[in-house]
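Worksheet for the structure shown next.
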Amino acid sequence: MGGDKAMENGTDWLGLSGAKVLIAGAGGLGSACAKAFDLANARLAIADRDPDRLTGLSEVLGQDCISIPADLTDPDCVRDVVAEANSVLGGIDVLVHAVGINIRKPVLEIDPDEWHRIQTVNLDSAFWLSQAAGKIMTSQGHGRIVIISSVSGLLAHAQHAPYAASKGAINQMMRVMAREWAPFGVTVNAVAPGYIETELTQEYLNQDGHREALSEMVPAGRLGSPDELSGPVLFLASRQASFVTGHVLYVDGGRTLV
Ligand SMILES: NC(=O)c1ccc[n+]([C@@H]2O[C@H](COP(=O)([O-])OP(=O)(O)OC[C@H]3O[C@@H](n4cnc5c(N)ncnc54)[C@H](O)[C@@H]3O)[C@@H](O)[C@H]2O)c1
């Protein structure tokens, strides 16, 4: 696998040229990560339940990336996705989990279906994907797992109870995986963004005054862009982060400082 593209883009220092990367989630943040890995000359398999997003992303990437439409809440489906990526790519060096949903409601209004849906999409998919990829990575003796958590895993945002619970659980799950798999050369970390403009947040941010009010809570004075998340993800996925494991890296313009 040549390193020219990575050299042209100044990303060769990450050593991701030819890396076999499975990205779960082709939404705003998953797509930004896919584009950044592509610029670093990595090889990509991307899974999402929405085939249109997968098609759109693979057209933009212009490389032979493998698109795998799948519902990632189903453990059997997840095992098939990871097996397919492993077989077509010839291994999996990196897993990025960028799948998630949110339903903003007060605690007293959340019904059982909503609670369950958020936990299965956000947390269960992260567990089953990491478990299946971790099996491959521990046996091959190296691997990087990066899970997109959220500042909601730490802060008590109103109307975020199920989402916050899923992200807090992701952080602790990630720490246990990091501890169990460190002896096998596998690192597991989370990246926790503040508000970033993607489809997940757009409708909410477009409502009267929301964008302005949220920006005021960020010491940097603004919301983030998807590209500002992909750099930290690539770092954690790279050989430069070989001794970094079990961390939640906040990418939030200082939101968790105040
Ligand atoms: N955008 C933000 O401000 C922000 C902030 C903090 C954390 N996050 C987290 O980042 C991750 C990615 O968010 P995003 O902003 O890219 O959201 P997004 O809505 O743009 O993308 C989420 C993707 O998940 C996919 N998905 C949902 N359910 C699925 C399922 N059952 N099986 C397979 N795919 C499924 C969707 O099709 C979509 O492509 C999520 O975990 C989210 O919680 C986002």
Side-chain angles (χ1 to χ4, degrees), residues 22-36 45-58 60 67-82 85 95-104 114 116-130 145-155 157 160 162-171 173-174 190-206 210-211 214-215 217-218 222-230 232-233 248-253 255-256:
L22 170 59
I23 298 181
L29 300 185
S31 295
C33 291
K35 288 172 200 162
I46 303 166
D48 196 289
R49 72 173 168 197
D50 182 342
D52 293 338
R53 286 189 181 211
L54 289 170
T55 308
L57 181 55
S58 62
V60 171
S67 294
I68 313 175
D71 178 358
L72 299 168
T73 59
D74 174 352
D76 292 332
C77 217
V78 165
R79 270 192 292 274
D80 291 346
V81 166
V82 172
L95 166 69
V96 177
H97 181 271
V99 170
I101 54 168
N102 192 8
I103 298 171
R104 290 180 184 79
E114 289 167 336
H116 183 67
R117 196 147 65 86
I118 292 179
Q119 305 315 320
T120 52
V121 173
N122 296 6
L123 179 60
D124 293 15
S125 68
F127 182 81
W128 298 120
L129 276 158
S130 301
I145 297 178
V146 184
I147 304 174
I148 313 293
S149 179
S150 167
V151 294
S152 291
L154 179 71
L155 302 175
H157 292 135
H160 276 63
Y163 184 79
S166 73
K167 296 299 184 176
I170 278 176
N171 293 349
M173 177 194 82
M174 171 280 290
V191 171
Y195 267 99
I196 309 250
E197 303 243 15
T198 69
E199 222 162 271
L200 186 79
T201 55
Q202 211 152 53
E203 196 190 320
Y204 184 72
L205 292 173
N206 285 341
H210 282 187
R211 185 174 281 98
L214 286 164
S215 301
M217 295 164 86
V218 182
R222 63 178 177 82
L223 307 182
S225 73
D227 292 342
E228 290 177 302
L229 187 91
S230 54
V233 169
V248 180
L249 175 56
Y250 290 95
V251 180
D252 64 355
R255 174 67 187 89
T256 45

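Any value given below was found using the heavy atoms of this structure, including those in side chains, with hydrogens, waters and symmetry copies removed. Counting starts at 1 for both ligands and their atoms, following the listed order. Everything numeric in this text was worked out from a predicted model, so none of it was measured. For the single chain, residues carry numbers from 1 onward in sequence order.
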Report task. Report yes if some N/O of Thr198 lies less than 3.5 Å from some N/O of ligand 1; otherwise report no. Result -> yes
Query raised in the report: Which atoms from ligand 1 have a heavy atom of Tyr195 less than 4.0 Å away?
Result: 3 (O)
Report summary line: atom 8 (N) of ligand 1 has as its nearest protein heavy atom Tyr163 OH, 3.6 Å
Report summary line: Correct closest heavy-atom pair for Gly194 and Asp252 would be N-CB, 3.7 Å
Query raised in the report: Of the choices Gln202, Lys167, His97, which has the non-hydrogen atom that lies closest to atom 41 (O) of ligand 1?
Result: Lys167
Query raised in the report: Where does Ala70 meet ligand 1, judged by heavy-atom distances below 4.0 Å: at the side chain, the backbone, both, or neither?
Result: backbone
**Report entry** Residue and atom name of the nearest protein heavy atom (relative to atom 10 (O) of ligand 1), distance in Å to one decimal
**Finding:** Ile148 CG2, 3.1 Å
**Report entry** Pairwise side-chain contact, Trp128 with Leu72, heavy-atom cut-off 4.5 Å (strictly under)
**Finding:** no
Report task. Identify, by atom number and element, the atoms of ligand 1 in contact range of Thr73, meaning under 4.0 Å from any of its heavy atoms. Result -> 31 (N)
**Report entry** Protein contact to atom 21 (O) of ligand 1 [nearest heavy atom, distance to 0.1 Å]
**Finding:** Gly27 CA, 3.2 Å
Query - Distance-only donor-acceptor check, side chains Asp71 and Thr73, under 3.5 Å - result: yes
Query raised in the report: Are side-chain heavy atoms of Ser130 and Leu95 found at a separation under 4.5 Å?
Result: yes
Query raised in the report: With a cut-off of 4.0 Å, which atoms of ligand 1 are near a heavy atom of Asp71?
Result: 30 (C), 31 (N), 32 (N)
Query raised in the report: Who's the nearest protein heavy-atom neighbour of atom 7 (C) of ligand 1, and how far?
Result: Ser149 O, 3.1 Å
Query raised in the report: Would you call Arg53 and Asp50 a salt bridge, using N to O less than 4.0 angstrom?
Result: yes
Query - Where ligand 1 meets Ala26 - atom numbers and elements under 4.0 angstrom, heavy-atom basis - result: 39 (O)
Report task. Before signing off on this row, confirm whether Leu29 and ligand 1 have an N or O atom pair separated by under 3.5 Å. Result -> yes
Requested in this report: State, with a plain yes or no, whether a side-chain heavy atom of Asp227 is found less than 4.5 Å away from one of Lys35.
Outcome: no
Requested in this report: Give a yes/no verdict on whether any heavy atom in Gly194 is under 4.0 Å from an atom of ligand 1.
Outcome: yes
Query raised in the report: So, do Val82 and Leu129 sit near enough that their side-chain heavy atoms are less than 4.5 Å apart?
Result: yes
Requested in this report: Return yes or no for this condition: an N or O of Arg49 is under 3.5 Å from an N or O of ligand 1.
Outcome: yes
Report summary line: among protein heavy atoms, the one nearest atom 22 (C) of ligand 1 is Gly100 O, 3.9 Å
**Report entry** Trace of the side chain to side chain contact (heavy atoms under 4.5 Å, CB included) decision for Ile196 with Glu228
**Finding:** CA-CA 9 Å; Ile196 309 250; Glu228 290 177 302; 5.6 Å; no
Query - Parallel, tilted or perpendicular, as decided by the 30° and 60° cut-offs, for the rings of Tyr195 and His160 - result: perpendicular
Report summary line: Per-atom filter on ligand 1: closer than 4.0 angstrom to a heavy atom of Ser150 are 6 (C), 7 (C)
Query raised in the report: In terms of residue, atom name and distance, what is the protein heavy atom nearest to atom 23 (C) of ligand 1?
Result: Asp48 OD2, 3.7 Å
Query raised in the report: Can you tell me if His97 and Ser125 form a side-chain donor-acceptor pair at under 3.5 Å?
Result: yes
**Report entry** Distance from atom 20 (O) of ligand 1 to nearest protein heavy atom, with residue and atom
**Finding:** Gly28 N, 2.9 Å
Report task. Identify the protein heavy atom lying closest to atom 32 (N) of ligand 1, giving its residue, its atom name and the separation to 0.1 Å. Result -> Leu72 N, 2.9 Å
Query raised in the report: ligand 1 and Thr201, any nitrogen or oxygen pair closer than 3.5 angstrom?
Result: no
Query raised in the report: Less than 3.5 Å between some nitrogen or oxygen of Val121 and one of ligand 1, yes or no?
Result: no
**Report entry** Best match, Gly30, Pro193, Ser166: closest heavy atom to atom 6 (C) of ligand 1
**Finding:** Pro193
Query - Heavy-atom neighbours of Arg211 CZ exceed 12 at 6.0 Å - result: yes
Query raised in the report: ligand 1 and Ile101, any nitrogen or oxygen pair closer than 3.5 angstrom?
Result: no
Report summary line: Heavy atoms of Ala190 and Asn171 approach each other most closely as CB-OD1, 4.2 Å
**Report entry** Pro162, Ser149, Ser166 screened by side chain to side chain contact (heavy atoms under 4.5 Å, CB included) with Asn122, the one that passes
**Finding:** Ser166
Query - ligand 1 to Arg53 polar contact by distance, N or O atoms, under 3.5 Å - result: yes
Query - Within-4.5 Å side-chain heavy-atom neighbours: Val233 and Ile148 - result: yes
